[in-house]
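All remarks here apply to the structure that follows.
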Amino acid sequence: AEGELESQEKAVPGDYCIGHGVMKLKEGDEAVLDLEGAVIQIPAGDDGDKGMILGINVEDFAKQIGSPKPGDSVSVKTKGPKQHEDPRVRDADIVIDFEIERVERIVPASIDKIVQASGLADEDQLRESLKLRLTQQANIEQQSAMRRQVAKKLLDQVEFQLPEKLTHRQAERNLQRTRLDLLHRGMEEMQVEQRIAEMRDNSDDQAANELKLFFVLSKAAEEFNVEVSQDEVSGRIAAIASQRRMAPQDLADQLMKQNQIGFIAQQIREHKVMDRLVEKAKIEDVTVEEFNKQADDQDAVEVG
């Protein structure tokens, strides 16, 4: 959705608070995560009191956060999710201190301002641009639905022993793969981070399935001799940048800083493997909505 940020003197449900977040274990003073420019949203009622802070879901978040103002400091106490990347956080009692620097509300932008910000000539060009973007997004979503069905089939048919516990690196790899898939599909960044927070709450079986899929696809890539070129990586970065309304070079610089370029190549490699498997499969046409309902009913793994 297009909109403009409007500063507020006090947060109400739906508003965003931007500030400095520090996560610590309840027993100890060492910061396990220190993040400037962190964003939280005051729960708006759809999920009750549940909210997210520093990538962790908190059931009574609304009660703990209240209605803060710029300059306020709040402390949120919760239990670390069992699939967190940092083993110190898993199932631990944690405290998150958040200093609120500003409170923002998203207000809808006018058509004229959207046209101007998009660099387009008029409203007709804007409509054509939106139509093209929606068509591209629908194509990506259709490919994604087919890959998810392939992934479920692989998980149902392949059995092997996995490590008893997810390591820091394996957990991070699972989350980063999903994050990039969701961004590629055009999901808004806050929605992506909410999905990642939910993944951290996943059961051991769900996390094991994600890791199992990684190993299966890596082996299949070797069997198919799948390679990824620099042009393909650049093209995928451009596609994700387009979904996020960013310049490709800005996104590339961001990914480089976060050491995530390798995850882009891995994502492309996995998609190429699944596309090869789709080519060999018997295809039955269903709508994305029908497939998503079937996937939810069967607890299918979300892999993009």
Side-chain angles (χ1 to χ4, degrees), residues 1-5 11-19 21 35 37-59 61-62 65 78 81 83-85 98 103-109 114 130 133-145 147-148 151 171-172 174-202 206-207 210 236-237 239-246 250-251 254-255 258 260 263-264 267 271 288-289 291-293 295-296 299-304:
E2 299 287 351
E4 300 173 303
L5 292 178
V12 299
D15 286 349
Y16 295 88
C17 300
I18 297 91
L35 187 61
V39 180
I40 61 174
Q41 184 178 23
I42 307 300
D46 294 343
D47 293 322
D49 285 346
K50 186 176 180 179
M52 180 182 66
I53 182 167
L54 298 195
I56 293 179
N57 283 325
V58 180
E59 291 296 330
F61 186 63
I65 203 72
T78 189
Q83 305 300 341
H84 199 277
E85 307 94 295
F98 198 90
V103 175
E104 303 282 1
R105 183 173 302 161
I106 297 179
V107 295
I114 296 173
L130 291 175
R133 185 184 297 167
L134 289 172
T135 300
Q136 292 172 336
Q137 192 168 331
N139 290 335
I140 290 173
E141 189 64 34
Q142 185 178 44
Q143 289 176 319
S144 173
R147 289 171 185 147
R148 285 151 58 200
E172 182 180 14
N174 282 350
L175 296 177
Q176 292 294 2
R177 184 220 276 119
T178 300
R179 178 180 281 110
L180 290 172
D181 279 333
L182 295 175
L183 289 172
H184 182 229
R185 288 166 55 187
M187 189 175 286
E188 294 293 334
E189 196 159 3
M190 279 295 290
Q191 292 177 305
V192 170
E193 294 311 315
Q194 181 60 54
R195 187 71 64 87
I196 295 300
E198 291 167 1
M199 281 189 67
R200 292 187 177 103
D201 291 332
N202 277 351
Q206 289 169 308
E210 291 282 351
R236 181 58 57 89
I237 290 173
I240 295 175
S242 175
Q243 294 285 3
R244 298 181 64 185
R245 302 170 183 84
M246 293 178 64
D250 289 344
L251 179 59
Q254 179 180 313
L255 293 170
Q258 297 171 347
Q260 292 182 355
F263 289 115
I264 292 283
Q267 180 196 53
H271 283 183
V288 171
E289 290 77 11
F291 173 78
N292 284 339
K293 184 179 185 305
D296 289 340
D299 292 324
V301 175
E302 178 80 38
V303 296

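- Every side chain to side chain contact (heavy atoms under 4.5 Å, CB included) that Glu189 has, sequence neighbours left out, goes to Arg244.
- Within the 4.5 Å cutoff, no side-chain heavy atoms of Ile53 are placed close to those of Thr78.
- Across all non-hydrogen atoms, the minimal contact from Asp49 to Pro43 is O-CG, 3.7 Å.
- For the salt bridge (charged side-chain N to carboxylate O under 4.0 Å, His left out) test, residues two or more places apart in sequence or in another chain that qualify with Arg179 are Glu193.
- Between Arg200 and Ile196 the shortest side-chain heavy-atom distance falls below 4.5 Å.
- We find the CD-CE distance between Glu85 and Met199 to be 9.5 Å, quoted to the nearest 0.5 Å.
- The heavy-atom pair separating Pro81 from Asp201 by the smallest distance is CB-OD1, 3.3 Å.
- Across all their heavy atoms, His184 and Ile140 have their closest contact at O-CD1, 3.5 Å.
- Going from atom CD of Gln191 over to atom CG of Leu182 covers 9.5 Å, rounded to the nearest 0.5 Å.
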Can Glu198 and Asn57 be said to form a side-chain hydrogen bond (donor to acceptor under 3.5 Å, both in side chains), step by step? CA-CA 7 Å; Glu198 291 167 1; Asn57 283 325; 5.2 Å; no

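- In terms of heavy-atom proximity, Ala38 sits nearest to Leu54 at CB-CD2, 3.8 Å.
- Note that the CZ atom of Arg185 and the CG atom of Leu180 stand 13.0 Å from one another [nearest 0.5 Å].
- Annotation: side chain of Gln254 is in contact with side chain of Met246 (closest heavy-atom distance under 4.5 Å).
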Run the numbers on Val12 and Arg105 for side-chain contact (heavy atoms from CB on, under 4.5 Å), then give the verdict. CA-CA 9 Å; Val12 299; Arg105 183 173 302 161; 3.3 Å; yes

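- At least one side-chain heavy atom of Ile40 sits less than 4.5 Å from a side-chain heavy atom of Phe61.
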Step by step, work out the side-chain contact (heavy atoms from CB on, under 4.5 Å) result for Gln83 and Leu175. CA-CA 10 Å; Gln83 305 300 341; Leu175 296 177; over 6 Å; no

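- In this structure, Phe98 CZ and Leu35 CG are separated by 8.0 Å, a value rounded to the nearest 0.5 Å.
- When all heavy atoms are compared, the tightest approach of Ala44 to Pro13 is CA-CB, 3.9 Å.
- Minimum heavy-atom separation, Ile42 to Cys17: CD1-SG, 4.1 Å.
- Take Gln41 and apply the side-chain hydrogen bond (donor to acceptor under 3.5 Å, both in side chains) test, not counting sequence neighbours, and it matches Tyr16.
- The structure places CG of Leu255 at 12.0 Å from CZ of Arg236, a figure rounded to the nearest 0.5 Å.
- A 4.5 Å side-chain heavy-atom check between Val39 and Glu104 finds every atom pair outside the cut-off.
- Rounding to the nearest 0.5 Å gives a distance of 4.5 Å between CE of Met190 and CE of Met52.
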